[in-house]
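The figures here come from the full heavy-atom set of this structure, side chains too, leaving out hydrogens, waters and symmetry mates. Chain A is the first sequence line, chain B the second, and so forth, proteins listed ahead of strands; every chain is numbered from 1.
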Protein chains: 2
Amino acid sequence: MNNTISVDCVIFGFDFEKLNVLLVDRELKDENNGEELFSDLTLTGNHIFENESLENAAARVLFDLTGLENIYLKQFGAFCDPGRLKRPNDQAWLRASGRDPESRIISVGYYSLLATENVTLKWKGRNVKWYPVSEVKDLAFDHMVILKSALQALRRELLHEPIGFELLPEKFTLSQLQKLYEVVLDVELDKRNFRKKIARMKYLIALDEKQKGVAHKPARLYMFSREVYEKTRKEVLDFNI
Amino acid sequence: MNNTISVDCVIFGFDFEKLNVLLVDRELKDENNGEELFSDLTLTGNHIFENESLENAAARVLFDLTGLENIYLKQFGAFCDPGRLKRPNDQAWLRASGRDPESRIISVGYYSLLATENVTLKWKGRNVKWYPVSEVKDLAFDHMVILKSALQALRRELLHEPIGFELLPEKFTLSQLQKLYEVVLDVELDKRNFRKKIARMKYLIALDEKQKGVAHKPARLYMFSREVYEKTRKEVLDFNI
DNA sequence: CTTCTAAGTGTATATAATACAATAAACGTA
DNA sequence: TACGTTTATTGTATTATATACACTTAGAAG
């Protein structure tokens with residue numbers, strides 16, 4: 001019973017319109033006739049090596065898939081699916097792939113945040129694509145449970161920590177930031193009230209720079225200052241029971 | 001390489017004065033001369049059985065230790081300590097106990113909440129005691145990291161969900177509830193403002209019953225109604241960035 | 001009946017949340 | 001070059017919540 005622990009990465013990307021998640025189309029074809037045995041979607045995961053930290057394993061999975069390093073990664077839970085690999089589709093895949101059916105017991109979930117704009121993905125031959133989170137209906141194994149848990153954790157985090165910037169390019173407009181909150185939290189926000197609120201975040205730096213090439217009044221660009229954030233961060237203790 | 005996954009339970013108890021945690025004094029004596037080889041403190045943990053869910057394993061650890069069931073349990077993280085069992089004290093224990101030094105890689109942390117008043121603990125021969133959280137300075141393995149993480153998770157949770165009641169007996173006074181918040185969050189709260197705030201929680205039910213045997217004006221007793229909570233729970237979405 | 005102790009309660013002020021609409025800047029096109 | 005289209009930007013009035021603060025009351029003990 002080897003390799004009982006894996007990490008699964010829920011890689012979120014924002015494209016200014018919707019929240020996406022990176023999924024692997026795990027299609028498998030018959031070696032003889034090329035017939036597609038089945039096709040389904042999974043999160044990206046991998047086993048952890050001996051003497052490798054969980055965090056490292058997650059970063060490795062992300063790097064292997066995208067070639068990106070120093071990406072925001074947050075652990076959001078450990079999962080064990082008693083019914084894992086028990087579903088017909090998964091069993092078919094097991095038979096076809098020759099994997100050990102008992103090879104995965106526990107998986108530790110990490111979500112990571114990317115601006116899709118920033119990413120030129122190196123797929124290394126795997127069939128990987130962005131899918132709008134709102135349209136993902138079914139995933140292999142218990143990955144749907146894991147995805148929902150990741151989304152819940154992301155929402156929670158977004159409400160209390162300045163992690164939205166991880167989903168945006170370095171320079172962004174306030175409307176883009178607002179849209180990000182609206183999309184992730186699935187709410188509509190008033191433009192003026194939103195700006196009043198974020199005006200209090202000192203770590204949001206207004207640049208002397210504007211959007212270019214847009215067919216309307218160009219928006220001012222802003223950036224996030226981690227330095228200012230670290231300095232002005234007060235111990236968050238709202239006591240809003 | 002078997003049994004690579006364990007759960008560790010951080011068992012919090014509240015005694016109306018301070019927050020306590022249940023720790024095992026892992027003292028080990030020489031079989032020949034009865035000399036104490038060392039003594040240190042650990043959280044309570046155990047390996048997970050095959051085909052056992054993480055949640056079940058945590059509940060089992062709690063039950064084995066205390067004889068209690070249906071206790072509030074919350075997963076707060078997965079940990080892997082690369083330096084685990086590398087410290088001199090832990091190595092001494094390893095040699096003395098004859099355990100496999102590689103036997104634990106990952107541990108999944110759960111915290112549980114108890115009113116110490118409610119508990120008559122069945123130690124099953126183990127050397128287990130309540131320790132004030134604020135006085136715990138050093139634990140074996142990476143258990144100090146895990147305890148700090150549990151406390152952080154508990155604080156976060158306490159601010160947003162009605163879990164404080166899990167740390168109180170069924171009937172309690174408002175002053176006890178306030179003290180609980182003060183102790184766990186390490187703040188001082190104004191009595192009147194606190195009561196104004198919790199007056200909004202409909203699931204806090206005032207009973208027609210008072211404290212007895214106290215040498216001052218007796219306080220009214222309250223209880224928590226899970227039913228009312230479930231019904232009146234609005235999707236918490238403060239958008240307090 | 002006096003003392004001791006913690007329980008219980010209200011008001012004024014400051015801060016934050018919400019609801020709501022007109023003007024400005026860039027581009028494309030007639 | 002005037003006009004239409006599109007999104008950016010800004011303020012005020014109202015309501016709700018947060019905070020600061022001190023006296024009276026009920027029971028027990030002596």
Side chain to side chain, [X] and [Y], heavy atoms closer than 4.5 Å:
X      : Y      : answer
A/T116 : A/N20  : yes
A/L221 : A/K210 : no
A/L154 : A/F12  : yes

For [X] and [N], give me the distance from atom [atom1] to atom [atom2], rounded to whole Å.
X      : N      : atom1 : atom2 : answer
B/E209 : C/dA7  : CD    : P     : 17 Å
A/K179 : D/dT7  : NZ    : C1'   : 13 Å
B/Q211 : C/dA6  : CD    : C1'   : 9 Å
A/F194 : D/dT9  : CZ    : P     : 12 Å
B/L189 : D/dA18 : CG    : C1'   : 13 Å
A/F16  : D/dA8  : CZ    : C1'   : 16 Å
A/N193 : C/dA21 : CG    : C1'   : 13 Å
A/K197 : D/dT10 : NZ    : C1'   : 18 Å

In terms of the angle between their ring planes, are B/Y203 and B/Y229 parallel, tilted or perpendicular, with boundaries placed at 30° and 60°?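 Perpendicular: the ring planes of B/Y203 and B/Y229 meet at over 60°.
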If you find the nucleotide of DNA chain C closest to B/K191 and the one closest to A/K196, which residue's nucleotide is nearer the 5' end?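 Final value for this comparison: B/K191.
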Map A/D190 and A/R200 onto DNA chain C by nearest heavy atom, then report which one ends up closer to the 5' terminus.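 On the 5' side of the pair lies A/R200.
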Record whether the side chain of A/R192 comes under 3.5 Å of the base of C/dA21 through a donor-acceptor pair of N or O atoms.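 Looking at the base of C/dA21, it does pair with a donor or acceptor on the side chain of A/R192 (distance under 3.5 Å).
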Could you tell me whether A/F165 and A/F172 have their ring centroids closer than 6.0 angstrom?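 Between A/F172 and A/F165, which both carry aromatic rings, the centre distance is below 6.0 Å.
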Quick one: ring-ring contact (aromatic ring centres under 6.0 Å, His included) partners of B/Y110, sequence neighbours excluded?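 B/Y110 satisfies ring-ring contact (aromatic ring centres under 6.0 Å, His included) with no residue once adjacent residues are dropped.
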Contacts of B/Y222 that satisfy ring-ring contact (aromatic ring centres under 6.0 Å, His included) - sequence neighbours left out: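 Result, ring-ring contact (aromatic ring centres under 6.0 Å, His included) vs B/Y222: none returned.
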Between protein and nucleic acid, restricted to nucleotides 23-30 of chain C and to nitrogen or oxygen atoms under 3.5 Å apart, what atom pairs and distances do you find?
| from | atom 1 | to | atom 2 | distance (Å) |
| --- | --- | --- | --- | --- |
| C/dA25 | N3 | A/K217 | N | 3.0 |

Selection from D/dT9, D/dA8, D/dT19 that lies nearest to any side-chain heavy atom of A/S175: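 Selected nucleotide (nearest to the side chain): D/dA8.
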For B/R195, report the nucleic acid contact type (base, sugar-phosphate, nothing); a contact means any heavy atom under 4.0 Å.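 If one applies the 4.0 Å heavy-atom cut-off, B/R195 turns out to touch a base.
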